Amino acid sequence: MKKIKHFHSLSFKLTIWYILILAMIITLSGFFLYQGYKDKLTDELDKLLFEIADETYEAWRKKRGVSWQEAIQKIETKYSSFPLYIQVVELTEEKPLQIRNFIRSPRIPPGCLQLKPHLYRKADKTDLNDLIHLEVDDKRLCSFPLRTLLIPVRGPRILQVSLSTEERNKALNELILVMGGAGLLLLVLASAGGSLIISKALHPVSKVIKTAKKITADDLSLRIETKERSDEIGALVETFNEMIARLERSVKKIKQFSGDVSHELRTPLTIIRGEVEVSLRKDRKKEEYIQTMQSVLEEVGRMERIINDLLLLSRLEMMESSQLQENIDLSTIASEAISLRKEEASKKGLIIEADLPAPLFLTGHPELLMRLVINLLDNALRYTPSGGKIALEVKREGNNIKLQISDTGIGIPEKDLPFIFDRFYVVDPSRSKETGGVGLGLAIVKWIADLHQAQIQVESKLNQGTTFIISFPQQKNRNDEK
Ligand code: ADP
């Protein structure tokens, strides 16, 4: 049996899928968590920016004569612990827009916070509900990354307040580290757990494979333990066990059948060899040779019958009901069978009575149906002593067409009834030997009946007689047409 490579195994593939999906979920949740935290920190920063801008404006507006320079210095002193830059940008009325002056403290590095003129123009047109916030990340000019607020004030002037985002970015970077570590740990733990659960769930499948490998045609007695599982694996194991049981029964039947066949064929061969050896031991008269030859011929005929019956049985085993296409009148078949056996019956002193009404059609195979009737009729002829009566009837009963063959013969013991349709089953070997039966006739009848989806019933009383009833499903509307 093919060995499954680890990379191709179901448990490996499931584990990989599980890890991928888990990693995706962890990454997505991490992303949303990061984004939410960043928004919250930025909001706080924006609030502080607005507060500072408001205080600066108020410091300039309230005290008359205070210049922007002084107001800025006052606020910068108040917030000296913050990495804070404040400046006021004076705009001209000219077009294109010009920046007239930057009022700011000298501690702001030169070039830092000088935005593109159109941004100031845009800020000049905004109201308090729609202020402009900018992230300025130019460390070369400003030493650290900044978040900037632009507010239009009287002038036209723009009050520009910037705070360092370094603290916020640091907090966010720490969050990434913590989340990354925790996510990775979670992924490793969950993957290990998941892989353990998957391999545990699939363990019975490996047991099925192991047991299946041990099963050979010689040992079909092995079964896989189910431990009362009610899940899909349990159902699979149960189905597998049932399949093995069916296989075991079939192999047993095949073995018994081939044993029976060789035994049945060996018997006539032994008789032939014995007869020929005896007659060759010394010179014999012509009549004695003729007698030997006749006996040999009889045994050859017996072998021929066995082989023909076996060939027919194997042909029947290959056939399916769907192959039956013809509409056949069972009454005609029965009357033809009677004509074929009329002479033999009168020789044995037997009467055949027939009750065959109007044509009764069914879908079937004409030769096989003829064979079924002949086999039943032959048995009745074989096992009914001289002076007896055989009755053959074909009738319609409900949706079925029934063939009934009764005789007043020796009957079949009740204990043998369940087995008479088995191959090579003979009720009494000595009486079958006398009549030339080998135990295949009824097996053929059963196969033909099954092929036609017909039911067989047997009623028998010792020394009183036997009745076989075969119920065929009638072909719809066919008899009404006739
Ligand atoms: P055989 O070829 O030996 O007749 P069958 O398969 O036709 O084998 O029948 C199986 C056994 O059933 C026979 O050995 C016979 O003893 C018994 N049997 C079948 N039909 C009848 C019958 N009509 N009356 C009495 N016994 C019968």
Side-chain angles (χ1 to χ4, degrees), residues 253 256-257 259-261 263-268 271 298-317 334 337-338 340-341 344-345 348-354 368-393 402-451 454-470:
K253 268 192 186 170
Q256 194 184 347
F257 177 66
D260 286 346
V261 171
H263 177 260
E264 290 303 322
L265 288 177
R266 200 178 295 138
T267 313
I271 296 170
E298 225 172 79
E299 291 306 322
V300 169
R302 190 174 145 82
M303 282 169 72
E304 209 172 41
R305 273 203 308 280
I306 294 176
I307 290 166
N308 283 342
D309 282 354
L310 287 173
L311 282 175
L312 177 64
L313 270 172
S314 64
R315 222 181 86 209
L316 282 170
E317 275 174 24
I338 293 169
L340 285 172
R341 294 295 186 261
E344 196 183 327
K348 266 196 85 176
L350 296 168
I351 301 167
I352 302 181
E353 281 178 359
L368 294 180
L369 286 172
M370 174 60 98
R371 184 62 192 260
L372 176 141
V373 181
I374 286 282
N375 278 13
L376 290 173
L377 198 58
D378 279 351
N379 277 352
L381 289 168
R382 266 186 214 151
Y383 302 110
T384 308
S386 178
K389 206 172 72 182
I390 295 162
L392 209 147
E393 196 183 336
K402 288 198 172 179
L403 167 78
Q404 183 170 320
I405 299 184
S406 322
D407 62 56
T408 56
I410 57 173
I412 304 164
E414 212 178 314
K415 67 169 177 49
D416 292 297
L417 279 176
F419 310 109
I420 54 172
F421 294 101
D422 292 352
R423 285 168 191 191
F424 295 114
Y425 189 84
V426 288
V427 170
D428 176 0
S430 64
R431 84 177 181 188
S432 280
K433 179 117 191 31
E434 274 169 36
T435 54
V438 291
L440 287 172
L442 287 182
I444 292 173
V445 167
K446 175 88 170 71
W447 267 101
I448 298 174
D450 284 351
L451 195 68
Q455 304 288 325
I456 305 180
Q457 254 177 284
V458 196
E459 287 156 17
S460 189
K461 276 210 172 112
L462 268 183
N463 302 319
Q464 283 188 29
T466 307
T467 301
F468 283 90
I469 303 167
I470 324 283

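In what follows, every heavy atom counts, from backbone to side chain, and hydrogens, waters and symmetry copies are set aside. Keep in mind the model is a prediction, meaning the values are calculated, not measured. For ligands, and for the atoms within them, numbers begin at 1 and follow the listed sequence.
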Q: Quick one: does Phe468 get an N or O within less than 3.5 Å of an N or O on ligand 1?
A: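 No, there is no polar N/O contact under 3.5 Å.
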Q: Do side-chain atoms of Thr408 reach the backbone of Gly388 as a donor and acceptor pair under 3.5 angstrom?
A: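 Side chain of Thr408 to backbone of Gly388, a donor-acceptor pair under 3.5 Å: no, none is there.
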Q: Is there a side-chain contact between Ile306 and Leu310 in this structure, where contact means two heavy atoms from C-beta onward sitting under 4.5 Å apart?
A: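 In short, these two side chains touch, coming nearer than 4.5 Å.
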Q: With backbone taken as N, CA, C and O and side chain as the heavy atoms from C-beta onward, which portion of Val427 lies under 4.0 Å from ligand 1: side chain, backbone, both, or neither?
A: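 Near ligand 1, Val427 shows its backbone as well as its side chain.
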Q: Need the ligand 1 atom indices (1-based, order shown) with element for anything under 4.0 Å from a heavy-atom of Gly441.
A: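 Numbered from 1, ligand 1 contributes 5 (P), 6 (O), 7 (O).
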Q: Output the distance between atom CG (Leu440) and atom CG (Leu313), rounded to the nearest 0.5 Å.
A: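 Answer for the CG-CG pair, Leu440 versus Leu313, is 6.0 Å.
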Q: Any idea which atoms of ligand 1 are less than 4.0 Å away from a heavy-atom of Val426?
A: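 In order of numbering, the contacting atoms are 3 (O), 14 (O).
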Q: For ligand 1, is Gly411 a contact, meaning one of its heavy atoms is under 4.0 Å away?
A: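 Yes.
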Q: Are side-chain N/O atoms of Arg382 and Asn379 paired as donor and acceptor at under 3.5 Å?
A: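 Judged by distance alone, the side chains do pair up.
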Q: Is a donor on one side and an acceptor on the other found under 3.5 Å between the side chain of Thr384 and the backbone of Asp407?
A: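 Side chain of Thr384 to backbone of Asp407, a donor-acceptor pair under 3.5 Å: no, none is there.
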Q: Any N or O of Arg382 that comes nearer than 3.5 Å to an N or O of ligand 1?
A: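 Checking ligand 1 against Arg382, an N or O pair does fall under 3.5 Å apart.
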Q: Mind telling me whether Tyr425 and Phe419 have parallel, tilted or perpendicular rings, with 30° and 60° as the class edges?
A: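 Rings of Phe419 and Tyr425: tilted, as their planes differ by 30° to 60°.
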Q: Just distances here: any N/O of Ile410 and N/O of ligand 1 closer than 3.5 Å?
A: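 Min N/O separation from ligand 1 is not below 3.5 Å for Ile410.
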Q: Identify which of Leu442, Asp378, Asp407 has a heavy atom lying nearest to atom 9 (O) of ligand 1.
A: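 Going through Leu442, Asp378, Asp407 one by one, Leu442 has the nearest heavy atom to atom 9 (O) of ligand 1.
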Q: Give the numbers and elements of all ligand 1 atoms closer than 4.0 Å to a heavy atom of Tyr425.
A: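 Here the atoms of ligand 1 in question are 10 (C), 11 (C).
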Q: Does any part of the side chain of Gln455, heavy atoms only, come nearer than 4.5 Å to the side chain of Lys402, both counted from C-beta?
A: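 No, side chains not in contact.
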